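Inspection log for the structure reproduced underneath, given as structure tokens.
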Amino acid sequence: MLKQHLQFKLSQKLSPQQIQLMKLIQLPTQAFEQRLKQELEENPALESGKEDLDTATDDYDDMYENESDGETIAADDINIDDYLSDDEVPDYRTQSNNYSADDDEKSVPYAAGTTFNQYLINQLNTVYLNDEEWAIAEFLVGSVDESGYIRRPISDILDDLAFTQNVFTDEETIKKVLSIVQELDPPGVAARSLEECLIIQLERKELTPSIELAKAILKKSFDQFTKKHYKKLIQKHNVTEEELKDAISEIEKLNPKPGGSYSGNTRIIEHVVPDFSIRIVEGELELSLNGRNAPELHVSKEYSNMLKGYKESKDKTKTQKDTVLFIKQKLDAAKWFIDAIRQRQQTLFITMNAIMQYQKEYFLTGDERNLRPMILKDIADEIDMDVSTVSRVANSKYVDTPYGTKLIKEYFSESMKNDQGEDVSTKEIKKILETVIKNEEKRKPLTDDKLAAILKEKGYPIARRTVAKYREQLDIPVARLRKEI
């Protein structure tokens, strides 16, 4: 049985221009400069530098108002999206967000050198291997990951050699060649586990009682070592606490990621360009927006004059009409882009100023315990803007302060009640938790229950599971793994 009914639904759709403005607001300084450069290249009606912008704009507006002969072209005919690039993966996504702490242009330096795998291959060239062994060794080197490990079982490597390299061998031969590859530098490379990686490095060292004990611990008591069961290790290996301490000291000197220490790895050195700067001047906070976010732009006078020429011409051919439509589209896009940049500047400044005033006590002192609980809605309500707009500013912009350069979103945090019933920032609690753990007795680290009790004494009554959550967010291991002998 079919039924018909009416349903009314209220929905709000953003115009293409509004969407483009939101994207502009989200861009950090360097990405914004890339976007600006792209727009200048694509739209000849948009020019950079100083000029009498009001005159150029007035000339263009006059063209619209006085267009005669019924040749007026409706705004609906002009699709601004055609002139605002919206690639799926824009260039700025593949570059560093920012690159310096001032307004000077600087390039992003790269570390030169061969790849890690090529570095290993070059060493293999000095080792005598027959054709089969060379093919296996080359394949093994190709299987080394960026940390320096081979994390695939020998059986899988055996199959891959047969199917992809047409090399038919056996596991014993692969293990024999693997032992040769493991003699390459850096020490520990091509290991199949952390345990094997550390043992290989110890084998390269001069044999001493401490080294010998360290090898025995790794080979026979690796699980107990990782769990820091020191009493069991002392009993099992029949050594003194001092001897165990010396052996563990030797292990701690080893490199758990031999691939990461290779200086030939190509790395990008990133620099951060602050989008804002906060300074304390005579006891008051002073906010400034990076000058790169306020470029000098104007509508092309030449394009406006072309419209004048069209208006004054008596014979208007179809070609001329097509040309003037193109000109109007470009001028519309240029005017919109200039207005959008002004709105972007205003939005960024208003949002950051509200954040600065909200966290005034922190910015004046630099003490993280003075950070007030602050969520996106607090600032959105303060400046009468949408939460999504505040989010776009906070998640992608940096601010330079007397206490360092930080991502703005780091100043946002949830609130909790202290024993006085006052709202305090979770950042404040985390800072105190971090300090307590830093000053604990390392031979007897504090459990989460004890940490919760200490925080309660300090006026922060939070549950043990919450302490565990904050500890994990601070990337601090459990008490057992923080223990030192």
Side-chain angles (χ1 to χ4, degrees), residues 116-117 119-120 123-124 127 136-137 139-161 170-262 265 442 445 472 475-485:
F116 182 40
N117 291 80
Y119 173 65
L120 298 175
Q123 293 180 69
L124 275 180
V127 181
I136 295 171
F139 189 83
L140 289 172
V141 166
S143 300
V144 173
D145 65 19
E146 60 183 12
S147 295
Y149 288 80
I150 293 179
R151 303 186 188 274
R152 306 183 61 224
I154 295 294
S155 57
D156 288 356
I157 293 174
L158 179 68
D159 292 338
D160 279 355
L161 279 167
D170 54 66
E171 290 192 11
E172 287 304 315
T173 303
I174 294 175
K175 288 178 181 177
K176 174 190 170 185
V177 176
L178 176 62
S179 65
I180 296 172
V181 173
Q182 289 177 342
E183 292 175 4
L184 304 177
D185 286 329
V189 72
R192 290 165 291 173
S193 66
L194 174 60
E195 179 183 354
E196 186 177 44
C197 176
L198 299 177
I199 291 172
I200 290 171
Q201 293 179 60
L202 288 175
E203 295 286 358
R204 302 264 191 111
K205 290 180 175 284
E206 182 182 349
L207 192 61
T208 65
S210 295
I211 296 294
E212 193 171 3
L213 177 57
K215 286 197 290 185
I217 290 171
L218 293 177
K219 290 178 179 178
K220 302 176 182 177
S221 315
F222 186 73
D223 189 53
Q224 290 172 327
F225 165 72
T226 57
K227 293 178 179 178
K228 296 195 174 183
H229 291 161
Y230 296 136
K231 289 184 179 179
K232 292 182 180 179
L233 289 175
I234 290 172
Q235 293 173 356
K236 183 174 181 178
H237 294 273
N238 192 25
V239 294
T240 66
E241 185 176 296
E242 195 61 33
E243 288 172 330
L244 177 62
K245 189 174 182 179
D246 290 341
I248 290 175
S249 176
E250 291 291 346
I251 296 173
E252 288 175 344
K253 293 175 186 175
L254 306 177
N255 185 1
K257 292 184 178 181
S261 64
Y262 174 61
N265 277 336
K442 296 305 179 186
E472 289 169 2
D475 201 24
I476 297 174
V478 296
R480 175 173 49 78
L481 296 181
R482 301 200 303 273
K483 185 177 180 181
E484 296 179 6
I485 191 169

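The basis for the numbers below is simple: all heavy atoms, side chains too, and nothing from hydrogens, waters or symmetry mates. Computed from a prediction, not measured in an experiment: that's the story for all the values here.
For the pair S249/S210, no side-chain contact is recorded, criterion being any heavy-atom separation below 4.5 Å from C-beta on. Using a 4.5 Å heavy-atom cutoff, the side chains of E203 and K215 are in contact. Residues L194 and T226 are not in side-chain contact: their nearest non-hydrogen atoms beyond the backbone lie 4.5 Å or more apart. When side chains are defined from C-beta on, I150 counts as touching I157, because their heavy atoms get closer than 4.5 Å. At least one side-chain heavy atom of L161 sits less than 4.5 Å from a side-chain heavy atom of I174. Within the 4.5 Å cutoff, no side-chain heavy atoms of E212 are placed close to those of P209. Contact check for K236 versus I217: no side-chain heavy atoms found under the 4.5 Å cut-off.
For the residue pair Y149 and K257, the shortest heavy atom distance occurs at CE1-CA, 4.5 Å. Here the closest heavy-atom approach between residue L218 and residue E195 is recorded as O-OE2, 2.9 Å.
A donor-acceptor pair is defined here as one N or O able to donate and one able to accept, closer than 3.5 Å; no such pair exists between the side chain of E243 and the backbone of V239. Using a distance-only test at 3.5 Å, with no hydrogens or angles considered, no donor-acceptor pair links the side chain of S221 to the main chain of Q224. Listed for the E241 side chain is no donor-acceptor partner under 3.5 Å among the backbone atoms of I234. Side chain of K205 to main chain of E250: no donor-acceptor pair is present (N/O by atom type, distance under 3.5 Å, no hydrogens or angles).
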Please report, to 0.1 Å, the donor-acceptor pairs under 3.5 Å made by any side chain of residues 180-189, with sequence neighbours excluded.
{"residue": "Q182", "atom": "NE2", "partner": "A190", "partner atom": "O", "Å": "3.1"}
{"residue": "D185", "atom": "OD1", "partner": "R204", "partner atom": "NH1", "Å": "3.1"}

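Side-chain polar atoms of D170 and T173 form a donor-acceptor pair below 3.5 angstrom.
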Practice problem: Evaluate the criterion side-chain contact (heavy atoms from CB on, under 4.5 Å) for residue pair D246 and E242; output intermediate values, then yes/no. | Solution: CA-CA 6 Å; D246 290 341; E242 195 61 33; 4.1 Å; yes

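How far CZ of R152 is from CG of L140: 10.0 Å, rounded to the nearest 0.5 Å. Distance check: N255 CG to Q201 CD gives 6.0 Å after rounding to the nearest 0.5 Å. The distance from the CD1 atom of I248 to the NZ atom of K228 is 8.5 Å, given to the nearest 0.5 Å. With rounding to the nearest 0.5 angstrom, the CZ atom of F139 is 4.5 Å from the CG atom of D160. Expressed to the nearest 0.5 Å, how far CZ of F222 lies from CD1 of I199 amounts to 8.0 Å. Considering CZ of F225 and CG of L244, their distance stands at 9.0 Å, rounded to 0.5 Å.
In this structure, N238 places its CG atom where only 12 or fewer heavy-atom neighbours from other residues, nucleotides or ligands lie under 6.0 Å away.
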